[in-house]
Amino acid sequence: MNRISWNDYFLAQSYLLALRSTCTRLAVGATIVRDNRIIAGGYNGSISGGVHCIDEGCYVIDNHCVRTVHAEVNAILQCAKFGVPTNGASMYVTHFPCLNCCRIIIQSGIKTLYYGEDYKNHPYAVEQFREAGVITEKIEFQEPPNIFGKQMITKE
């Protein structure tokens, strides 16, 4: 019997997390892994107990929704909340991180970033990852995951 690779397994987990997103602009999921074990996961959405974009619309300032906490940040904050170290871990995220998430990932000590889809890849984020020694790798699924009948890879 063939098993999916670790990379496909953890990235698929991130796509599954993205199903919990409350963002109407882009659903993103992130999984933090150490020693082939999931230590945290996050998706983009409002603060706990807050108003959700799916209910009241996005709160956009300067072309950014300020109501949403990004998936990468939520996963890292989950580690901080429960005292789980991120230093030396890997992160799997559905989409290439924004510039702010890039800096947070670097500061958290994550050493490898795997992502499923390019999304406004900022050249300075790419440069900062390189300068910090964070390895970035785009993962191409053999077949895009189709979980519970919902296609998980967005097509432009």
Side-chain angles (χ1 to χ4, degrees), residues 1-23 25-48 53 64-148 150-156:
M1 175 172 112
N2 291 334
R3 294 170 36 172
I4 65 171
S5 70
W6 284 115
N7 282 347
D8 284 351
Y9 172 75
F10 294 127
L11 190 58
Q13 175 69 32
S14 294
Y15 280 102
L16 186 61
L17 283 161
L19 292 175
R20 291 281 306 154
S21 172
T22 60
C23 178
R25 296 169 59 148
L26 181 69
V28 178
T31 304
I32 302 175
V33 174
R34 189 173 38 273
D35 299 325
N36 284 339
R37 298 293 179 260
I38 296 170
I39 60 173
Y43 53 87
N44 57 331
S46 302
I47 60 171
S48 297
C53 297
H64 297 281
C65 180
V66 297
R67 188 185 315 265
T68 300
V69 179
H70 289 193
E72 302 92 330
V73 174
N74 272 326
I76 292 168
L77 289 173
Q78 185 180 43
C79 287
K81 186 175 186 177
F82 295 107
V84 178
T86 55
N87 198 40
S90 298
M91 178 179 277
Y92 291 80
V93 64
T94 56
H95 297 78
F96 191 85
C98 72
L99 187 53
N100 192 49
C101 285
C102 158
R103 293 190 298 259
I104 292 167
I105 290 165
I106 291 167
Q107 288 297 94
S108 74
I110 288 170
K111 294 299 179 193
T112 310
L113 175 84
Y114 300 98
Y115 65 99
E117 299 178 61
D118 292 313
Y119 182 74
K120 300 179 182 179
N121 301 27
H122 197 286
Y124 190 50
V126 173
E127 180 183 337
Q128 285 196 310
F129 279 137
R130 184 182 44 74
E131 287 176 354
V134 175
I135 298 165
T136 60
E137 182 180 333
K138 183 176 181 180
I139 297 174
E140 300 286 344
F141 280 108
Q142 295 298 336
E143 288 185 36
N146 187 327
I147 301 172
F148 307 119
K150 181 175 181 180
Q151 185 65 35
M152 301 306 295
I153 301 278
T154 56
K155 299 294 181 192
E156 293 183 26

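It should be emphasised that the depicted structure is a prediction, and the values quoted were computed from it without experimental measurement.
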Worksheet item: Are any side-chain N or O atoms of Asn74 and backbone N or O atoms of Gly41, one a donor and one an acceptor, separated by less than 3.5 Å?
Response: no
Item to complete: Considering non-hydrogen atoms only, spot the tightest contact between Ser46 and Thr22 and give its length.
Response: N-OG1, 3.6 Å
Fill in: Ile47, CD1 atom: more than 12 neighbouring heavy atoms under 6.0 Å
no
Worksheet entry | Pairwise distance CZ(Arg103) to CZ(Phe129) - rounded to 0.5 angstrom | 10.5 Å
Practice prompt. Using only heavy-atom distances, determine whether the side chains of Thr31 and Ser14 contain a donor-acceptor pair under 3.5 Å.
Written response: yes
Discussion item. So, taking the atom named CG in Leu11 and the one named CG in Leu16, what distance separates them when rounded to the nearest 0.5 Å?
Written reply: 11.5 Å
Worksheet, complete the sentence: When rounded to the nearest 0.5 Å, the distance separating CZ of Phe10 from CD1 of Ile139 is 10.0 Å
Worksheet item: Less than 6.0 Å separating the ring centroids of Tyr114 and Tyr92?
Response: yes
Worksheet item: Out of curiosity, Lys138 NZ to His95 NE2, how far, rounded to the nearest 0.5 Å?
Response: 10.0 Å
Discussion item. Using a 6.0 Å cut-off, check whether atom CZ of Arg20 has over 12 heavy atoms from anything other than its own residue.
Written reply: no
Worksheet, complete the sentence: Closest heavy-atom pair, Phe96 versus Ala125, reported as atoms and distance to 0.1 Å, is CE2-CB, 4.0 Å
Fill in: Heavy-atom donor-acceptor pair, Arg34 side chain to Pro85 backbone, under 3.5 Å
yes
Discussion item. Within the structure provided, determine whether Val93 and Leu113 are in side-chain contact (heavy-atom separation under 4.5 Å).
Written reply: yes
Worksheet item: Do Asp118 and Asn121 come close enough that some side-chain heavy atom pair is under 4.5 Å?
Response: yes
Worksheet item: Does Cys23 offer a backbone N or O that forms a donor-acceptor pair with the side chain of Ser21 under 3.5 Å?
Response: yes
Discussion item. Main chain of Gly29, side chain of Thr94: is a donor-acceptor contact present, judged purely on distance under 3.5 Å?
Written reply: yes
Worksheet entry | Distance-minimising heavy-atom pair for Gly42 and Ala71 | O-CB, 3.6 Å
Worksheet item: CD of Gln107: more than 12 outside heavy atoms within 6.0 angstrom?
Response: no
Fill in: Donor-acceptor side-chain pairing of Tyr9 and Gln13 below 3.5 angstrom
no
Discussion item. What I'd like to find out is whether the side chain of Met91 reaches to under 4.5 Å of the side chain of Thr86, using heavy atoms alone.
Written reply: no
Worksheet item: Looking only at heavy atoms, which two atoms of Cys53 and Arg67 are closest? And how far apart?
Response: SG-CD, 3.6 Å
Item to complete: Identify the two heavy atoms, one from Ala75 and one from Ala40, that lie closest to each other, and give their separation to 0.1 Å.
Response: O-CB, 3.5 Å
Worksheet item: Between Ile32 and Ile110, is any pair of side-chain heavy atoms under 4.5 Å apart?
Response: yes
Worksheet item: Where the side chain of Asn44 meets the backbone of Val28, is there a donor-acceptor pair that is under 3.5 Å apart?
Response: yes
Discussion item. Tell me if a side-chain donor or acceptor on His122 pairs with a main-chain N or O of Tyr124 at a distance below 3.5 Å.
Written reply: yes
Worksheet item: CD/Gln128 to CG/Leu99 distance, rounded to the nearest 0.5 angstrom?
Response: 6.0 Å
Worksheet item: How about Asp35: does its CG atom have over 12 heavy atoms from other parts shown lying under 6.0 Å from it?
Response: no
Worksheet item: Hey, is the main chain of Ile105 close enough, under 3.5 Å, to the side chain of Ser108 for a donor-acceptor pair?
Response: yes
Fill in: Nearest atoms (heavy-atom pairs only) where His70 meets Cys101
ND1-SG, 3.3 Å
Response to the item:
One should read off an interatomic distance between Ile39 CD1 and Phe82 CZ, to the nearest 0.5 angstrom, of 13.0 Å
